[in-house]
> 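Take a look at the following structure, please.
Source: prediction; values computed, not measured.
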Amino acid sequence: MALTREFINTIKEKADNDPGFRVSMLRSAVAAFINGEAALGRLTLRDYVNATIGFEGLAKGLGEFKPQSLMRMLSKDGNPRSENLSAILAYLQKHEGVSLDVVSVDKPRELENAWTCLSDWLRWDSRL
C-alpha cells in the first residue's frame, strides 16, 4: 500500500506546526535501528526528511552526497554505511536542535501522542 498524497501532506503539516512531533519522528527512527528494525528506521528517517528539510536540504547540509544517493540510502532496501547513517543522524539532530541519547530501561516505553498510531501503521505498511 503506497502512501497517499493526503497522508504525506498530513505528516508534513503536522511536522511544520509541531516541533514535538518532529522530534518524536527522529526518536522513533533511532529506536527502530536500536531495536533491530533497520527498514523501519530508514523509512521513518525518509519520512522525517521529506516532512522537514527535504533531501536537497539534507544533501546541502551534509555537503558530500547527492539527494538521489540519500534517497536510496533511506529507502526500504537501502544499505547505508554506518559512517553515512551516523553523519545523517548527527546532522538531523543539529538541524532539529536536539541531542538524542540512549538510555537503558527495564521495559520498552510507549511512544508519545499520535506518533504511536503512525508508527504502528508504518510497521504494517506494505513497504516493509
Side-chain angles (χ1 to χ4, degrees):
M1 177 170 139
L3 293 178
T4 65
R5 178 150 315 276
E6 181 179 335
F7 179 78
I8 293 167
N9 289 339
T10 300
I11 297 302
K12 174 118 177 74
E13 183 178 320
K14 180 79 170 160
D16 286 345
N17 297 312
D18 187 349
F21 180 73
R22 291 192 308 268
V23 173
S24 290
M25 288 180 78
L26 199 49
R27 272 192 214 137
S28 295
V30 172
F33 285 114
I34 290 170
N35 290 315
E37 298 180 80
L40 178 61
R42 287 189 306 274
L43 293 174
T44 305
L45 273 181
R46 184 183 183 101
D47 289 344
Y48 172 85
V49 170
N50 280 323
T52 57
I53 63 174
F55 281 97
E56 292 281 339
L58 180 58
K60 185 176 180 182
L62 291 170
E64 59 184 292
F65 301 103
K66 292 182 180 180
Q68 294 80 4
S69 295
L70 292 166
M71 285 184 232
R72 277 191 301 274
M73 284 184 214
L74 299 181
S75 69
K76 176 188 169 200
D77 297 319
N79 191 18
R81 292 181 29 225
S82 60
E83 293 85 1
N84 296 343
L85 186 58
S86 179
I88 291 167
L89 289 170
Y91 181 78
L92 293 177
Q93 287 178 85
K94 180 180 174 187
H95 182 267
E96 193 62 52
V98 298
S99 176
L100 300 177
D101 296 314
V102 176
V103 178
S104 176
V105 293
D106 292 333
K107 297 185 232 179
R109 296 181 189 172
E110 287 294 320
L111 297 175
E112 301 172 14
N113 304 332
W115 188 243
T116 301
C117 295
L118 178 61
S119 180
D120 289 344
W121 182 87
L122 287 172
R123 288 178 194 275
W124 294 105
D125 188 328
S126 64
R127 295 183 298 172
L128 297 178

> Could you pull out the closest heavy-atom pair between Lys12 and Thr52, with the gap in Å?
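Where Lys12 meets Thr52 most closely, the heavy atoms are NZ-O, 4.3 Å.
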> May I ask you to test the Asn84-Ser86 pair for a side-chain heavy-atom distance under 4.5 Å?
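In short, these two side chains do not touch, never coming nearer than 4.5 Å.
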> Return yes when atom CD of Gln68 has more than 12 non-hydrogen atoms of other residues, nucleotides or ligands closer than 6.0 Å, and no otherwise.
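Counting other residues, nucleotides and ligands, CD of Gln68 exceeds 12 neighbours.
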> Is there a side-chain contact between Leu58 and Leu92, using heavy atoms and a 4.5 Å cut-off?
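Yes - at least one pair of side-chain heavy atoms lies under 4.5 Å apart.
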> Quick one: closest heavy-atom pair of Ile11 and Phe21, and the distance?
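Nearest pair, atom of Ile11 first, then Phe21: O-CE2, 3.9 Å.
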> List the residues meeting salt bridge (Lys or Arg N to Asp or Glu O under 4.0 Å) with Lys94, not counting sequence neighbours, and say none if there are none.
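Scan of Lys94 (salt bridge (Lys or Arg N to Asp or Glu O under 4.0 Å), adjacent residues dropped) gives none.
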> Looking only at heavy atoms, which two atoms of Phe65 and Ala59 are closest? And how far apart?
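Heavy-atom minimum between the residues: O-CB, 3.2 Å.
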> Do Arg42 and Pro80 have side chains that get closer than 4.5 Å, going by heavy atoms?
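Result yes, sub-4.5 Å side-chain heavy-atom pair found.
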> Does the side chain of Tyr48 come within less than 4.5 Å of Val23's, by heavy atoms?
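Not in contact.
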> Between atom NZ of Lys66 and atom CD of Glu56, what is the distance when rounded to the nearest 0.5 Å?
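If we round to the nearest 0.5 Å, Lys66:NZ and Glu56:CD are 11.5 Å apart.
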> Please examine the side chains of Leu89 and Val30, heavy atoms only from C-beta on, and report whether any two atoms are closer than 4.5 Å.
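Side-chain contact under 4.5 Å: yes.
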> Is there a donor-acceptor pair under 3.5 Å between the side chain of Asn35 and the backbone N or O of Glu37?
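Between the backbone of Glu37 and the side chain of Asn35 there is no qualifying donor-acceptor contact (under 3.5 Å).
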> Report the C-alpha distance between Leu43 and Leu74 in whole Å, list the side-chain angles of each, state the deciding distance to 0.1 Å, and finish with yes or no for side-chain contact (heavy atoms from CB on, under 4.5 Å).
CA-CA 6 Å; Leu43 293 174; Leu74 299 181; over 6 Å; no
> If you define the side chain from C-beta out and look only at heavy atoms, does anything of Asn50 sit under 4.5 Å from Arg46?
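Answer yes - side chains close enough.
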> Give the intermediate values and the outcome of side-chain contact (heavy atoms from CB on, under 4.5 Å) for residues Leu85 and Leu45.
CA-CA 10 Å; Leu85 186 58; Leu45 273 181; 3.9 Å; yes
> Rounded to the nearest 0.5 Å, what separation is found between the CD1 atom of Ile88 and the NE2 atom of His95?
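NE2 of His95 is found 14.5 Å from CD1 of Ile88.
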> Within this structure, what is the CZ-NZ distance for the pair Arg22 and Lys14, rounded to the nearest 0.5 Å?
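It comes to 11.0 Å.
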> So how far is it from Asp101 CG to Gln93 CD, rounded to the nearest 0.5 Å?
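Answer for the CG-CD pair, Asp101 versus Gln93, is 8.0 Å.
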> Is any side-chain heavy atom of Phe33 closer than 4.5 Å to one of Leu40?
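The answer is no; the side chains never approach within 4.5 Å.
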> Distance from Ile53 atom CD1 to Glu96 atom CD, nearest 0.5 Å?
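Rounded to the nearest 0.5 Å, the CD1-CD separation comes to 9.5 Å.
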